[in-house]
Amino acid sequence: MSRKLFSACARLHEEDLAIVRRTPGLRAEDQPALDQGLSDEAQEVQRLTQRRVFGEQQEEARPRLRPLLRDAYERGAASDWSHLLRRPQEPKLDLDGDEGLLEAATPETYLAVSRYDLPPARA
């Protein structure tokens, strides 16, 4: 990942956390597994409502976020990794990882795709 992209993603994550603080408990990952007092249908309605409210908060923030993310993206080019990661050392490459996986992670999501599941590269 480039420093510019990392910087923009980090800023987006900070802004998403600000929405979480304004709307506590509305993200799917913040929900308890099951609410024993509600029927399955009522739980689904509750989840959909919570997702809608959280999504509305994200949409409301979108016009304000565009220039912030553009600025973070541009600042990333001029920043070194230690500044972006907020620690003194540069990131280390993991050269012993599973070469068959393409991996990505956020605080809320982990994705790993086998290179064998990808379409062939175009010539």
Side-chain angles (χ1 to χ4, degrees):
M1 176 180 290
S2 72
R3 289 176 306 183
K4 292 191 297 187
L5 183 57
F6 181 88
S7 181
C9 289
R11 182 59 193 249
L12 181 59
H13 178 67
E14 289 171 10
E15 294 297 324
D16 197 46
L17 289 177
I19 293 171
V20 169
R21 286 189 294 275
R22 288 193 310 270
T23 57
L26 293 184
R27 294 184 311 170
E29 54 270 23
D30 296 334
Q31 300 302 309
L34 285 174
D35 186 348
Q36 300 297 333
L38 297 175
S39 69
D40 289 344
E41 185 177 326
Q43 287 180 44
E44 183 63 20
V45 168
Q46 183 180 31
R47 280 191 293 269
L48 289 173
T49 300
Q50 290 167 332
R51 286 185 189 136
R52 180 184 51 77
V53 170
F54 190 76
E56 287 170 357
Q57 289 290 317
Q58 288 176 315
E59 282 299 314
E60 193 174 288
R62 185 173 293 204
R64 184 181 58 77
L65 288 178
R66 283 192 176 119
L68 293 175
L69 296 178
R70 169 56 58 190
D71 181 58
Y73 183 82
E74 296 301 329
R75 277 186 291 116
S79 301
D80 59 15
W81 280 110
S82 60
H83 174 75
L84 293 172
L85 296 173
R86 298 181 182 116
R87 58 181 178 212
Q89 73 270 18
E90 294 284 317
K92 295 179 183 173
L93 294 176
D94 178 9
L95 300 176
D96 298 325
D98 183 346
E99 293 178 11
L101 292 179
L102 299 173
E103 300 176 273
T106 70
E108 299 162 4
T109 307
Y110 170 77
L111 174 68
V113 179
S114 170
R115 67 180 178 180
Y116 301 109
D117 292 334
L118 298 174
R122 295 182 183 176

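In this text the structure is predicted, and so the values were computed from the model without any measurement.
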Name all residues meeting the side chain to side chain contact (heavy atoms under 4.5 Å, CB included) criterion together with E56; count only those two or more places apart in sequence or in a different chain, and write none if there are none.
-> R52
Option from L68, L65, D16 for which side chain to side chain contact (heavy atoms under 4.5 Å, CB included) with R11 holds = L68
If you measure from CD1 on I19 to CD on E15, what distance do you get to the nearest 0.5 Å?
-> 7.5 Å
Salt bridge (Lys or Arg N to Asp or Glu O under 4.0 Å) with R22: which residues, sequence neighbours excluded?
-> none
R64 atom CZ, neighbour heavy-atom count above 12 within 6.0 Å = yes
Shortest non-hydrogen pair, A72 vs S7, comes out as O-OG, 2.7 Å
With sequence neighbours left out, what residues match E60 under salt bridge (Lys or Arg N to Asp or Glu O under 4.0 Å)?
-> none
When every non-hydrogen atom of L84 is compared with those of R3, the smallest separation belongs to CD1-CB, 3.5 Å
Closest approach of F6 to L85 (non-hydrogen atoms, all atoms of both residues) = CZ-CD2, 3.4 Å
